[in-house]
There are 2 protein chains.
Amino acid sequence: MARTKTTFDIFSAIAEPKRRELIEALAGKALTVNQTAEMMGWNQPMVSKHLTILKKVGLVNEQKDGRCRVYQVNPLPLMPIQNWVAQFEQFWNGNLDNLESYLNEIQTKESKDEQ
Amino acid sequence: MARTKTTFDIFSAIAEPKRRELIEALAGKALTVNQTAEMMGWNQPMVSKHLTILKKVGLVNEQKDGRCRVYQVNPLPLMPIQNWVAQFEQFWNGNLDNLESYLNEIQTKESKDEQ
DNA sequence: TTGATATATTCCCATCTTGGAATATGTTTT
DNA sequence: AAAACATATTCCAAGATGGGAATATATCAA
């Protein structure tokens, strides 16, 4: 009875637009919290909070370096999303006929309704 | 100041596990609300509510048929998700060397930390 | 030790959510 | 018109959220 926790799974974790921004910004890089904050134009606690959630679902790795913490993206947990969406790939990818017939079918049914 | 609305975008809409179940169950089929409710073992209002959200983000199409409403999945709005995740595909797909070097790098850095 | 720096955490609030129960709306049948 | 059926909507409660502000924690430097 309440929304799914953001740390429940990857789907929930990346539902937040700012966290997707963060992942994009950190992709392939290794940045400090403050570096990230400056780069994004966010305050430090906001960066830390979002990174904490991303860390919990495994989308970022944390490495201590003195008083800094360097974060890096680990994209592997995104695989389930890729796989889930791939179930429906046939409708738009490769086989355009499928898509067309699908759309035609909808079109037909809708115009039938309008009569 | 609050979580992103479920209808804000596709990412938020499919963050809810039940809605993903619903999409899977309706994929390729065309089912009535009651048929869906029976199939899922949910009550009717719950099905209607989730379908309403899915409809708002365009993931299902609704067709009136007498007093029934037939719902069908339209997977096209999932494309942005596919595309977004694809940015990171290189890390796990095709080029296993990338993945390995990536993991080794992390491993190295982590053991360095432990000293 | 003390101060400065880097980061995480806590507290508060407005807002949104999901589920259940009840009810409203709309359509068909008798 | 009235009853039956199919679906949507409303009202409620309990959580959970993201952001701001303040504060705690940890580490380095002087």
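Here is how names work: the chains are called A, B, and so on, in the same order as the sequence lines, proteins then strands, and each is numbered from 1. What you are looking at is a predicted structure, and each value in this text was computed from that prediction instead of being measured.
In this entry the distance linking CD of B:Glu38 with P of D:dC5 reads 15 Å, nearest Å. Between the C1' atom of D:dG18 and the CG atom of A:Leu51 lies a distance of 15 Å, rounded to the nearest Å. In this structure, the CH2 atom of B:Trp42 is 20 Å from the P atom of D:dA6, given to the nearest Å. Here the P atom of nucleotide D:dC12 and the CE atom of B:Met46 are 19 Å apart, to the nearest Å. Residue A:His50 contributes atom NE2, which lies 17 Å from atom P of C:dT7 at whole-angstrom precision. To the nearest angstrom, C1' of C:dT18 lies 9 Å from CZ of A:Arg3. In this structure, B:Lys5 places its NZ atom 18 Å from P of C:dA14, rounding to the nearest Å. The distance between atom CE of A:Met40 and atom P of D:dG19, rounded to the nearest whole Å, is 11 Å.
With distances taken from any side-chain atom of B:Glu62 to the nucleotides C:dA6, D:dA6, D:dA8, the minimum falls on D:dA8. Taking every side-chain heavy atom of A:Pro45 into account, C:dA8 is the closest of D:dG19, C:dG19, C:dA8. When each of C:dT7, D:dA6, C:dT5 is scored by its nearest atom to the side-chain atoms of A:Arg67, the top-ranked nucleotide is C:dT5. Considering only the side chain of B:Asn43, C:dG20 comes nearest among C:dA8, D:dG15, C:dG20.
At a threshold of 4.0 angstrom between heavy atoms, the contacts of A:Thr32 are confined to the sugar-phosphate backbone, with no base atom among them. A:Tyr71 comes within 4.0 angstrom of sugar-phosphate atoms only, judged by non-hydrogen atoms across all strands, and of no base. Nucleic acid contact for B:Lys49: base, since at least one base atom lies under 4.0 Å from a heavy atom of the residue. Contacts of B:Thr4 with the nucleic acid, taken as non-hydrogen atoms under 4.0 Å apart, are absent.
Inter-residue side-chain proximity for B:Met46 and B:Lys18 is flagged as met; some heavy-atom pair is nearer than 4.5 Å. For the pair B:Val70 and B:Leu31, the minimum side-chain heavy-atom distance is 4.5 Å or more.
Phosphate contact (OP1/OP2 of C:dT5, side-chain N/O of A:Asn34, threshold under 4.0 Å): absent. Within the structure, every side-chain polar atom (N or O) of A:Thr52 is placed at least 4.0 Å from both OP1 and OP2 of C:dA8. Residue B:Arg69 places no side-chain N or O under 4.0 Å from the OP1 or OP2 atom of D:dA6.
Residues B:Ser48 and A:Ile53 both approach DNA chain D. Their nearest nucleotides, taken by heavy-atom distance, put B:Ser48 toward the 5′ side.
In this structure, the side chain of B:Arg69 does not engage the main chain of B:Gln63 through any donor-acceptor pair within 3.5 Å. When atom types are taken as modelled, the side chain of A:Asn74 and the backbone of A:Gly58 share a donor-acceptor pair closer than 3.5 angstrom. Side-chain N or O atoms of A:Gln35 include one that pairs as donor or acceptor with a backbone N or O of A:Thr32 at under 3.5 Å.
Partner B:His50 forms a side-chain hydrogen bond (donor to acceptor under 3.5 Å, both in side chains) with one of B:Lys55, B:Glu16, B:Arg19 and no other, that one being B:Arg19.
The base of C:dA8 sits with one of its N or O atoms less than 3.5 Å from a complementary donor or acceptor on the side chain of A:Gln44.
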